[in-house]
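Following: one structure in structure tokens, then a few remarks.
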4 protein chains.
Amino acid sequence: MIERPQEEQLRQVPQQARSQKRFNQILDAAAEVFAEVGYEAATTNAIAARASTSIGGLYRFFPNKLAIFHALAARYLEQVKELFTAFQVSEAAQLPLDSYISQVLDAFDQFVTATPGYRVVFVQSRFVSPDVLAMDADLNRQIAQQLETFFALRNPNLEPAQQALIATVCVEVASVLEILSLTRDQAFQKRVLAETKNLLIGYLQQYFPDQLSNPTKG
Amino acid sequence: MIERPQEEQLRQVPQQARSQKRFNQILDAAAEVFAEVGYEAATTNAIAARASTSIGGLYRFFPNKLAIFHALAARYLEQVKELFTAFQVSEAAQLPLDSYISQVLDAFDQFVTATPGYRVVFVQSRFVSPDVLAMDADLNRQIAQQLETFFALRNPNLEPAQQALIATVCVEVASVLEILSLTRDQAFQKRVLAETKNLLIGYLQQYFPDQLSNPTKG
Amino acid sequence: MIERPQEEQLRQVPQQARSQKRFNQILDAAAEVFAEVGYEAATTNAIAARASTSIGGLYRFFPNKLAIFHALAARYLEQVKELFTAFQVSEAAQLPLDSYISQVLDAFDQFVTATPGYRVVFVQSRFVSPDVLAMDADLNRQIAQQLETFFALRNPNLEPAQQALIATVCVEVASVLEILSLTRDQAFQKRVLAETKNLLIGYLQQYFPDQLSNPTKG
Amino acid sequence: MIERPQEEQLRQVPQQARSQKRFNQILDAAAEVFAEVGYEAATTNAIAARASTSIGGLYRFFPNKLAIFHALAARYLEQVKELFTAFQVSEAAQLPLDSYISQVLDAFDQFVTATPGYRVVFVQSRFVSPDVLAMDADLNRQIAQQLETFFALRNPNLEPAQQALIATVCVEVASVLEILSLTRDQAFQKRVLAETKNLLIGYLQQYFPDQLSNPTKG
DNA sequence: TATGAATGAGACTTCATTCAT
DNA sequence: GATGAATGAAGTCTCATTCAT
């Protein structure tokens, strides 16, 4: 039940193209299986089978089940980071706050919708078991750090601690509402997305005044 | 892996004071164990031991592990419902929106802080495994329904669907931020609570204009 | 799993009328439960409940589950013995062999049909588990002994060993075919009963020649 | 207590010679254990141990305890069927009825004597518990069907229903007496076997007259 | 004497992980 | 390197039996 910390590392960072492919096959399979039955109920045999690998093959890359989860989380984290980075480098960064938020949330929504495994990993990583909970870092925290950079640019007067807090709140809220949105049909998803925008714009305009495209909502 | 729905019922609703006590002992123990290791990793033996009962004693009340979780959830649900009901009956219901929200969130924060098991149950109930997911109802949804009543009184023009959505968003957001607040020290908890108030007041004033005590924040 | 032999005894032979009634209630209940689910799957709690007694009450009479089975078997044995005794004392004993056999088998068939518990006890007593198998005696054996007396009267020339063997064969065959007859509908039951008569008459006339009412069958 | 019917299938039909061997080891072990303590009292751990396998190894082939019993029954059924088939194809089929019966019963006796597991399976399959009772088919019934073919050849005038009944009676009677014969020493076994022949020849000559080698017994 | 809550050994079964081939 | 059969610790749950009330 308690795993030796070192063991969460990968056993072998795949170098060869062939290995790399196999590695990703396993991760894809794991995402599917985790999504379908949850982390605990997922079996390593099921993951290996879904990845068309042998169970022994799976254990060549991952020392144990938790390591698979970690690797999956790391992969998604990379993708989400890229998502946010892309925004800050793009011209979108120059938009009024509400437009910017709207676009970011749209992009996030599309990413999550298109990436079913994300949901499992980012949700379960926080709530399931201490093993999983003890994951290297709070993944959302890392995403929040990217937001901080953005906030710092928009309002240099904010204290760093306050920046961090606001960013964290935004990420938590956006995550949980995104997850909520996925619990029902597509119409519901759209409406929740709209509410999320409302919520965050209302919240952030307190800290970034005079950055809205339309001065008053009403 | 899949449990027959009927079986989630209690085996015996305890009537006698003695039984009632034992029943609650088990539920308290379960709350602790679930909180410590999560639903899946929690063992019925561990729960029985923590409750100072034999494993057989536990199964006199609960037909299986999931039933324990359900009973625990039901107990908390009752408590949270009472919390909200108390507010709507009290004079607080006459307060300006922001004061009202502030008081409700304070009360909720105190409840959650004083009720460690709440976190596990209300969070895990939505995210853990299909078994748990299949719980009779989305517990947060039930809390949200109480909010709807309140909203209907404050603004009769809102469509029911919109009321439901807003209530759900509020509950989700308040829950996740409450949980976030508990991940660090008490100072952090306070700051997150303040942000939560900010966030929700900013959000709700869109739907309930002219109900604030202080017209403008700045 | 291994029961101390002494323990199969009754804990208390009920003397009082009240006790006697309770004792029989339990035995009746046991017969039903054994018949429905088999010896192994029958629970002492189920038997007590069916007998409208408490589990503690049951254990006042019977030291363990096997003792219940034994007592039940003993009760049926008594009844079957009476059945056969009645026949030998009656005028039926003077009938030609084939008429006699026919009447005995009819009576036995009626008894078994009217006594569902008999089936379980007499069947399971031979086949289930060593515990049960080790029952004081082969119950069928005791019934066979009654037949021997009859055979001795009809043909004093038969060796005792041969008498015993023939009697045993008759009882075994009658039992198994009676049981077979109960596996389908009433029409089947009748046809099997007729075949049983055929079978046993054909068999016994070898040992008791010139005792038939109708010299040739064809 | 109630097992899903689908689950009685094997988990994996062993193909490789190695697997095949392990599979049979387990079945042999199961036959021994079932014979010793009965189906219900037999534990999967005991079977695995007797087969010199780990419990996990056992469950690679069989999804549950009942499946082991089924597989064992299937194996014996195949063997008994072959036994009967061999007789009908051989020249023995041309023998007078009494010689034929005698030879078949001798062969059956040798088979059962040499196959201790047969007793448990074929006896318990009908009588033990509803789980076991629900076995795909009444195994004796399947054996009886082979006899029907034979009867049809010997006496084409018999109605099919009557053929089936006679065949069933023969199989039941032969089975139960075979089992009886095994309860005591070898001398007893011989004597019971002789009686079984007597019994069945006397019975069958009613339906297949003029097929005996020696017209009168005395 | 009667009750039935409590006990706990032990059954079945799963699945992460290893290692001989 | 790859495979997948094998292992066995550990989990859930049952039920015969006891004994405090």
Side-chain angles (χ1 to χ4, degrees), chain A residues 1 3 7 12 16 18-19 22 40-49 53-60 62-68, chain B residues 1 3 7 11-12 14 16 18-19 22 40-49 52-68, chain C residues 1 3 7 12 16 18-19 22 40-49 53-60 62-68, chain D residues 1 3 7 11-12 14 16 18-19 22 40-49 52-68:
Chain A
M1 199 165 295
E3 321 224 10
E7 291 283 355
Q12 173 191 109
Q16 315 266 343
R18 177 96 170 290
S19 271
R22 179 61 55 103
E40 301 278 358
T43 72
T44 50
N45 275 292
I47 293 170
T53 322
S54 66
I55 181 66
L58 182 153
Y59 275 88
R60 266 195 55 72
F62 304 96
N64 52 47
K65 187 173 147 183
L66 187 51
I68 304 174
Chain B
M1 200 166 295
E3 322 221 12
E7 293 284 352
R11 241 200 250 276
Q12 174 190 120
Q16 315 272 341
R18 177 98 170 289
S19 270
R22 178 62 55 106
E40 302 277 359
T43 73
T44 50
N45 276 297
I47 293 170
S52 306
T53 324
S54 64
I55 182 66
L58 183 154
Y59 277 92
R60 258 187 63 72
F61 294 109
F62 305 97
N64 51 48
K65 190 169 111 168
L66 187 51
I68 304 175
Chain C
M1 201 165 294
E3 322 225 8
E7 292 283 354
Q12 174 192 109
Q16 316 267 341
R18 178 95 170 291
S19 270
R22 179 62 54 103
E40 301 279 357
T43 71
T44 50
N45 274 292
I47 293 169
T53 322
S54 65
I55 181 67
L58 183 152
Y59 275 88
R60 265 193 57 70
F62 305 96
N64 52 47
K65 187 173 148 183
L66 187 51
I68 304 174
Chain D
M1 200 166 297
E3 322 219 13
E7 294 283 353
R11 243 200 248 277
Q12 174 191 120
Q16 315 273 339
R18 176 98 170 289
S19 270
R22 178 63 54 107
E40 302 277 358
T43 74
T44 50
N45 276 296
I47 294 170
S52 306
T53 323
S54 65
I55 183 65
L58 182 154
Y59 277 91
R60 258 187 63 72
F61 295 109
F62 306 95
N64 51 47
K65 189 168 108 167
L66 187 51
I68 304 174

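Every chain is numbered from 1 and lettered A, B, ... according to where its sequence line falls, protein lines coming before strand lines. Quantities reported herein were computed from a predicted structural model and do not represent experimental measurements.
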Tell me whether the OP1 or OP2 atom of dA6(E) has a side-chain N or O from Ser54(B) closer than 4.0 Å. no
Out of dA2(F), dG11(F), dT7(E), which nucleotide sits closest to the side chain of Arg22(B)? dT7(E)
Between atom OG1 of Thr44(A) and atom OH of Tyr59(A), what is the distance when rounded to the nearest 0.5 Å? 3.5 Å
Tell me the interatomic distance from Asn45(B), atom CG, to dT14(F), atom C1', rounded to whole angstroms. 13 Å
From the candidates dA5(E), dA16(F), dC13(F), the one with an atom nearest any side-chain atom of Lys65(C) is dA16(F)
First locate atom CD1 of Ile47(D), then atom NZ of Lys65(D), and finally report the distance between them rounded to the nearest 0.5 Å. 7.0 Å
Among dC12(E), dA16(E), dA5(E), the one nearest Ile55(C) by side-chain distance: dA5(E)
Given DNA chain E, 5'-ward residue of the pair Gly57(C) and Thr53(B), judged by closest heavy atom: Gly57(C)
Distance in angstrom units between Glu40(C) CD and dG10(E) C1', rounded: 14 Å
Between Leu58(A) (CG) and dT3(F) (P), how many Å, whole number? 12 Å
Return no unless some side-chain N or O of Arg60(C) is found under 4.0 Å from OP1 or OP2 of dT1(E). yes
Between dC15(E) and Thr44(A), is there an OP1 or OP2 to side-chain N/O distance shorter than 4.0 Å? no
Listed pairs, N/O of protein and of nucleotides 19-21 of chain F, under 3.5 Å:
none

Separation of dT17(E) P from Ile47(A) CD1 (nearest whole Å): 11 Å
What I'd like to find out is whether the side chain of Ile68(C) reaches to under 4.5 Å of the side chain of Leu58(C), using heavy atoms alone. yes
Side chain of Asn64(A) only, heavy atoms from C-beta on: which candidate in dA16(E), dG4(F), dT17(E) is closest? dT17(E)
For Phe61(D) and dT7(F), what is the distance between atoms CZ and P respectively, to the nearest whole Å? 11 Å
With a 4.0 Å cut-off on heavy atoms, is Ala46(C) in touch with a base, just the backbone sugar-phosphate, or nothing at all? nothing
Would you mind classifying the nucleic acid contact of Ala42(D) as base, sugar-phosphate or nothing, using non-hydrogen atoms under 4.0 angstrom? sugar-phosphate
Considering all heavy atoms of both residues, which atom of Arg22(B) and which atom of Phe61(B) are nearest to each other, and what is their separation? CG-CE1, 3.5 Å
Taken to the nearest 0.5 Å, the spacing of Glu40(A) CD from Glu40(B) CD works out to 5.0 Å
How does DNA chain F read in dot-bracket, base by base from 5' to 3', with Watson-Crick or G-U pairs under 3.5 Å and | used when the partner is on another strand? .||||||||||||||||||||
